[in-house]
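Worth saying up front: this structure is predicted, and the values here are computed from it rather than measured. Chain A is the first sequence line, chain B the second, and so forth, proteins listed ahead of strands; every chain is numbered from 1.
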Amino acid sequence: MARPNDDVAALLQEYADLVQISGGDAFKARAYEKAARAIGGHHTDVSTLDARALRDIPNVGRSIADKVAAYLTTGTMPEVEQARARIPDGVRRLMAIPTLGPKKALTLYETLGISSVPALREAIEAERLRDLKGFGPKTEENILHGIDVLQASGGRVRLAQAAETAEAVVAALTAIDGCERCTWAGSLRRMRETVGDLDILVAARRSAPFMDALTRLPHVAETLAHGTKKTSVRTTDGLQIDLRVVPPGSWGAALIYFTGSKAHNIRIRERAVRHKLKLSEYGLFHTETGRKIAARTEEDVYRRLGLPWIPPTLREDRGEVAAALRGELPVTVTDADIRGDLHTHTDLTDGLASLEDMVDAAARRGLEYYAVTDHAPDLVMQRMTDEKALAQRDAVRALDGRHRGMRLLHGTELNIDPDGGVDWDAEFLAGFDVCVASVHSHFRQSRDALTRRLVRACENPHVHIIGHPTTRILGKREPVDADLDAVFAAAARTGTALEINSHPNRLDLNDENILRAKRHGVKFAIDTDAHSVRDLEYHRFGVGTAQRGWLTTDDVINTWPLPRLLRHLDGTGTTR
DNA sequence: GCCGTTTTCGGCCCGACTGTTTTCAGTCG
């Protein structure tokens, strides 16, 4: 279901992992990793490119280009197949456990025959790792904890993957004769950060063509159920898709029902009962007469319940029904409200695309301002220097004006050091239009130290935005343990915006933290943290998350017109 | 395996932290 680029990227990454595990040339593994990343982030669909054109992608040379071209024709890559035959896939999956890399994975496989995450947990609990060289008690503890982190996402997939699959399914089903309406519902429509399974809804008079079509879609691995009202399949990447076909007259009621959340549905059903009505996926009915009084659209159903239409992202039973009744439903921020991006990278540090390509792509997206914020020197591996930063500033200034209607800002993403300081002194920092500051190291300091560190970063007058404030990575790294209320208070006091990082692996701050921060009076920046042209599309996930946090345009600084934004940036860091 | 060139092979983001070990390997960003 994935796009060809992602498909190929996953395959190359898998090969890189297998090379690493089998102790192959580390530089070869690195080369495959770089090619995977380059292809994953490449803007054109690689299935439209031949071997020659593939070689124009940076870090893709003759060997990989030929392999990819052959794969796109034949559907297999022999080298990967051979590597798979030597090392079970479960061994590779062990590497998904934080703190467990290729060397430990191979040791576990070779000495104990462990080739799955559950088997590893069992082995640790049976104390079978005790005699293994290089595995002490702390390592066991870290692995067990890592498994917990990994499994906390419980088989749920991230928003971007779910959205991509859903879009493909909806496109396929919409093309079928007799399709009156088709969309996704469920937690994807509510934009939860992870999605357990996809709910697809079709309005049509006959269901069979849609049910059949679903089972025949590419990347469908198995059919779990096949009926007239509901069909369920599982994709090759393990995502379950439930399709329901409803009569067009029930569309609105069904959409509400299958969008959820369950708690929201219970809340509005209770309201129906109090009005002597009954709400189901088929419609809103008079309890006594059984007469249908609304069902065709969501608006109709909500209206007959005495409510305005409630955006799906608010339907979590967090007080949205009460707010709606008071007429105080927030007018939440939308994709169209986003005027700029204040956190992006280029290939000067770890981005994939050049400054020019990123800027052109931002202009195509209709942004009114765009900040380039490459990494600062303390993140040593990025090899940033004062000279490079200044040269980039000249390049940014020179490019400004290339796209009428889009203003370029030169910024940086600073590293918040263990004490809360950042890379450059005040004088140098003053030269940037916008400074994002983020934690990139020392994630496991004490709660007090982390809190002080983030508060101090907020108090730095040159820091405008705290990037990915909790540093969590879904399924990989837990949020840092800081007193977030203290951080939120400091951010509000100093006018430092907190980022809503839109990358689907981060979504940081998350909805619940946004709600808390907003109560402190914090302002937010919804940024993509784009490392490639394609990443610029991630804004919608950040916007969805912001909606779930009840944010309006007044809360989000990059929905503001440029003059207001610049005034705000000028005043940041001073206590008001 | 890629890149760049000093065109035919040498260098490849580099440093810090952790845990295990007793001088360093593995993992991470």
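Legend: residues meeting side-chain contact (heavy atoms from CB on, under 4.5 Å) with A:Arg93, ordered by chain and number and at least two apart, are A:Asp89. Remark: A:Glu14 engages A:Arg84 in a side chain to side chain donor-acceptor pair (under 3.5 Å) (not counting sequence neighbours).
Within the 4.0 Å cut-off from OP1 or OP2 of B:dG19, at least one side-chain nitrogen or oxygen of A:Asn142 is found. Taking side-chain N and O atoms only, A:His442 has no distance below 4.0 Å to OP1 or OP2 of B:dA16.
Across all strands shown, B:dT8 forms no Watson-Crick or G-U wobble pair with both key distances under 3.5 Å.
Residue contacts shown for A:Tyr32 are limited to sugar-phosphate atoms, with no base heavy atom under 4.0 Å away.
Rounded to whole Å, the separation between the P atoms of B:dC13 and B:dG4 comes to 12 Å.
For residues 94-120 of chain A, there are no side-chain hydrogen bond (donor to acceptor under 3.5 Å, both in side chains) pairs, not counting sequence neighbours.
A cation-pi arrangement, defined by a distance under 6.0 Å to the six-membered ring centre and an angle within 45 degrees of its axis, is present between A:Arg477 and A:Phe443. A:Tyr370 does not carry A:Arg407 over the face of its six-membered ring by the limits of under 6.0 Å from the centre and within 45° of the normal.
The separation between A:Gln382 atom CD and B:dG15 atom P is 13 Å, rounded to whole Å. As rounded to whole Å, 11 Å separates atom C1' of B:dG19 from atom CZ of A:Arg444. Atom CD1 of A:Ile143 is separated from atom C1' of B:dT18 by 13 Å (rounded to the nearest Å).
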Dump the pairs, protein N or O against N or O of nucleotides 2-6 of chain B, anything under 3.5 Å, distances to one decimal.
| from | atom 1 | to | atom 2 | distance (Å) |
| --- | --- | --- | --- | --- |
| B:dC2 | OP1 | A:Gly61 | N | 2.9 |
| B:dC2 | OP1 | A:Gly61 | O | 3.4 |
| B:dC2 | OP1 | A:Ile64 | N | 3.0 |
| B:dC3 | OP1 | A:Asn59 | N | 2.6 |

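The two residues A:Arg548 and A:Met191 make their nearest non-hydrogen contact at CD-O, 3.1 Å.
Of the residues in residues 12-21 of chain A, none has a non-hydrogen atom less than 4.0 angstrom from any atom of DNA chain B.
Between A:Arg393 and A:Asp433 no salt bridge is recorded (no basic side-chain N to carboxylate O distance below 4.0 Å). No salt bridge links A:Arg444 with A:Asp481; every basic N to acidic carboxylate O contact stays at or beyond 4.0 Å. By the 4.0 Å N-to-carboxylate-O rule, A:Asp17 lies close enough to A:Arg92 to be salt-bridged with it. Salt-bridge formation is detected for the pair A:Asp555/A:Lys518: a Lys NZ or Arg NE/NH1/NH2 atom is positioned less than 4.0 Å from an Asp or Glu carboxylate oxygen. Salt-bridge formation is not detected for the pair A:Arg456/A:Glu459: no Lys NZ or Arg NE/NH1/NH2 atom is positioned less than 4.0 Å from an Asp or Glu carboxylate oxygen.
The glycosidic torsion of B:dT7 lies within 90° of 0, which places this base in the syn conformation.
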Contact state string [nucleotides 21-29 of chain B, B base, S sugar-phosphate only, - no protein heavy atom under 4.0 Å]: S----SSSB

